[in-house]
Each structure stands twice: as C-alpha cells, then as structure tokens.
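One structure is given here, and the rest of the page talks about it.
Note that this is a predicted model, so its numbers are computed, not measured. Residue numbers start from 1 in every chain, and the chains themselves are labelled A, B, ... in the order their sequence lines are given, proteins ahead of strands. Keep in mind that the numbers below use all heavy atoms, side chains included, and drop hydrogens, waters and symmetry copies.
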Number of protein chains: 2
Amino acid sequence: MDLPDDGDPLDLDRQVCFPLYAASNLLNRLYRPILAELGLTYPQYLVMLVLWKKAPRSVGSLGDVLYLDSGTLTPLLKRMETAGLISRTRDAEDERRVLVDLTDKGRDLRSEAEKVPGALADGLGIDEASVTRLRDQVRGLVEALNGSTVKKP
Amino acid sequence: MDLPDDGDPLDLDRQVCFPLYAASNLLNRLYRPILAELGLTYPQYLVMLVLWKKAPRSVGSLGDVLYLDSGTLTPLLKRMETAGLISRTRDAEDERRVLVDLTDKGRDLRSEAEKVPGALADGLGIDEASVTRLRDQVRGLVEALNGSTVKKP
DNA sequence: AAATATTATATTGTGCGCAATATGATTGTA
DNA sequence: TACAATCATATTGCGCACAATATAATATTT
C-alpha cells in the first residue's frame with residue numbers, strides 16, 4: 001500500500017512529526033467527550049493524574065512531569081481552582097513557589113476517573129501489546145526531544 | 001529502569017496518550033524557531049507541504065489529509081493569504097467550495113523549506129531506522145483513531 | 001418546480017501552548 | 001549590609017484546535 005518513495009524529504013508521508021501531531025489531535029478529540037463528563041479537559045486530566053499520585057506539588061514540579069511551563073499551567077490551574085478541584089497556596093518555606101493541592105472534591109473525582117481508560121480502550125480497539133510497544137517507542141522520542149529542547153548551551 | 005507496575009490504570013506512566021501528547025508539544029517547540037525563519041507555524045508548514053505536492057485544493061481536501069476542520073483551517077488560511085503565500089477563491093464549478101492555491105511567493109518558499117528536515121534531524125540525533133519504525137507505528141494508531149472518531153453510527 | 005436534506009465553508013467562544021516579558025522572593029557576593 | 005544574579009510564578013499576546021452553530025449552495029425528494 002506504500003507509494004513509491006520518490007526521495008522527497010518534504011513529502012508528508014515521510015514525516016515522523018505529522019503522524020504524531022495528528023495522533024495527538026485525534027486522541028484529544030476522542031478524550032474530550034469522555035472527560036467532559038468529569039468537567040475536565042485533557043491537560044487538566046493529566047494534572048489530576050499527577051496529583052492523585054502525590055500532592056501537594058509546586059507548579060514547577062507539575063511542569064517538569066508534564067513538559068509544560070507556567071505560561072500554560074498558571075491559567076489552567078486557576079480554572080481548576082475555580083472549579084473547586086484544587087487549591088493554590090504560596091509555599092511558606094519559599095514564597096516564590098505555589099503549592100497545588102487536591103480538595104476533597106478533587107480527591108473524590110478519582111473514582112469517576114477510573115472509568116476513563118476503559119471507555120477509551122473501547123473506542124480504540126487495538127490490542128494491548130502493540131499499544132505498549134508504541135508507548136515505549138514514543139517515550140524514547142520524548143526523552144530525545146527533551147534532551148534537545150531543554151538543553152542550554 | 002521501570003518502576004514496579006502497581007496495576008493502577010490511572011498511572012501517568014501507563015498511558016499511551018501522554019507520551020504522544022508530550023512528543024507533539026516538544027516537536028512543535030523544536031520546529032517553531034526553525035519555521036519562524038520561513039514565517040510559518042507548524043500547521044501552516046503542513047499546509048504548504050500538501051500544496052507543494054498538488055494545488056489547487058479545496059479547504060475540505062486539505063482537512064481530510066491533515067485531519068483538521070474548517071474551524072481550524074479557515075482562519076489559518078486567511079493568515080497565510082495575508083502573508084501572500086496562498087490565494088483563496090470560490091470554486092466556479094461549486095460555489096460552496098473554496099480553492100486554495102499557491103502564489104509565486106508560496107512556490108518560491110519551497111527551496112528554503114528544503115533545509116527544514118535537515119535542521120530538525122540535527123536537533124534530534126536519533127537513528128533513521130528507529131524513526132521510521134516509530135513513524136509507521138504511530139501511523140497505525142492514527143488510522144485506528146480516525147476510524148473511531150470519524151465513524152458515524 | 002417547490003420543499004427538504006445535505007454539503008462546504010465560515011463564525012463564535014473556550015481552552016490550551018508557547019515565547020517574551022514582568023514581578024517578587026531567595027541566593028550569592030562584594 | 002547592599003546589591004547583583006538567579007529562581008518561581010504570573011502576565012501578555014498570538015495562533016491553533018475544537019464543538020456548536022450559522023450561512024449559503026447544491027442535491028434529493030415530493
């Protein structure tokens with residue numbers, strides 16, 4: 001089913017980046033209606049996943065895990081605070097930092113969120129082994145990318 | 001190097017979607033300064049790649065290839081028109097359609113764009129074989145996703 | 001032919017994601 | 001103690017992505 005390789009490096013079908021971009025968009029589209037029932041967007045859901053593991057955490061440590069900066073996180077966290085899912089308080093030990101913690105409402109949301117991965121797998125229908133393989137390869141790319149974008153010469 | 005698998009489906013490290021999301025963000029971040037020299041954003045660059053292969057094309061056919069809809073493409077194409085890279089004209093054969101074509105300036109940009117893949121590979125530093133393998137796997141996912149999000153029951 | 005349905009693009013409103021910059025707290029140093 | 005440098009978060013401005021809706025043209029049905 002492959003087209004003949006005409007050697008053009010500007011061919012869309014030769015790009016790695018485009019499938020990743022498309023997959024990310026399509027996944028977001030698939031998640032959206034499922035997460036909307038929890039009142040979350042996809043990046044907000046990621047923040048909750050991180051906080052359910054360990055809270056409180058600083059804004060910066062959230063950003064380290066999710067590869068996002070304060071320009072993205074600050075307004076996002078404010079919306080989540082308004083929604084009553086998290087609290088944001090200055091760290092008394094270091095007033096530069098803001099500590100993000102779960103509220104009771106935020107903690108309670110976890111039981112609802114447990115249905116999310118299943119609902120998604122249904123809408124996808126690909127076997128778990130290939131998903132795991134894909135995941136590990138993309139992770140390798142993320143590490144390579146993180147090395148080359150974060151690097152300060 | 002793996003953490004013990006505690007079986008929690010809400011563990012960030014078990015998600016396929018998060019690495020894809022992170023990779024897409026990081027790639028965009030890597031592309032941005034390179035494409036900025038051409039006066040393009042990443043999705044605009046994708047539009048140019050498609051048009052360099054075949055133009056004119058309708059907005060809808062661009063969307064089919066790039067998995068985007070008119071809500072995203074219309075304003076994006078207007079910006080590209082303002083920048084003088086493309087033209088947008090109603091199709092005389094079917095006045096619902098808008099045909100997007102390259103201008104001379106848009107065609108000329110191709111020679112500059114040929115440097116982009118090389119500049120990127122430099123900043124990445126992973127071998128071509130694993131890139132190709134990754135690309136094909138992500139493509140498989142995109143097809144699965146496209147099936148499940150486009151599907152109309 | 002008239003009414004209805006479908007199709008293609010445009011518009012509106014919300015929430016990211018990011019670079020660039022600003023602000024204020026802490027650390028290092030003269 | 002000052003004062004410069006660094007650090008953590010916040011702000012600003014722009015361009016996506018998307019759902020929902022609107023508008024106008026074509027196709028289908030009656």
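Taking 4.0 angstrom as the limit, Arg96(A) places none of its side-chain polar atoms (N or O) nearer than this to OP1 or OP2 of dG24(C). Taking 4.0 angstrom as the limit, Tyr42(A) places none of its side-chain polar atoms (N or O) nearer than this to OP1 or OP2 of dG15(C).
Among the heavy atoms of the strands lying under 4.0 Å from Tyr21(A) are primed sugar atoms or P, OP1, OP2 only; no base atom is included.
Distances were taken from every side-chain heavy atom of Ser58(B) (C-beta onward) to each of dT9(C), dC16(C), dC18(C); the shortest belongs to dT9(C). Proximity note for Thr74(A) (side chain, C-beta onward) versus dA8(C), dA10(D), dC16(C): the nearest is dA10(D). Side-chain proximity of Ser70(B) to dG15(D), dT9(C), dC16(C): nearest is dT9(C). Nearest to the side chain of Asp69(A), among dA19(C), dA8(D), dC16(D), sits dA19(C). The side chain of Val98(B) approaches dA10(C) more closely than any other nucleotide in the set dA10(C), dA10(D), dC16(C). Comparing atom distances between the Glu95(B) side chain and each of dG15(D), dA25(C), dT26(D) picks out dT26(D) as nearest. When each of dG15(D), dT9(C), dA25(C) is scored by its nearest atom to the side-chain atoms of Thr41(B), the top-ranked nucleotide is dG15(D). The side chain of Arg29(A) has dA17(D) as its nearest neighbour among dA10(D), dA17(D), dG15(D). Counting only heavy atoms from C-beta on, Leu68(B) has its side chain closest to dC18(D) among dC16(C), dC18(D), dA10(D).
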Test side-chain contact (heavy atoms from CB on, under 4.5 Å) applied to Val138(B) and Val16(A), step by step: CA-CA 8 Å; Val138(B) 181; Val16(A) 213; over 6 Å; no
Audit row: Leu73(A), Leu62(A), side-chain contact (heavy atoms from CB on, under 4.5 Å) steps and yes/no: CA-CA 8 Å; Leu73(A) 285 173; Leu62(A) 278 170; 4.2 Å; yes
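Between Asp108(B) and Lys105(B) there is no salt bridge, since none of the side-chain N atoms of the basic residue sits less than 4.0 Å from a carboxylate O of the acidic one.
Residue order along DNA chain D, read from the 5' end via each residue's closest nucleotide, puts Arg88(A) first among Pro33(A) and Arg88(A). If you find the closest nucleotide of DNA chain D to Ala92(B) and to Gly71(B), the one lying nearer the 5' end belongs to Gly71(B).
Relative ring orientation between Tyr21(A) and Tyr42(B) is described as perpendicular, the plane-to-plane angle rising above 60° on a 0-90° scale split at 30° and 60°.
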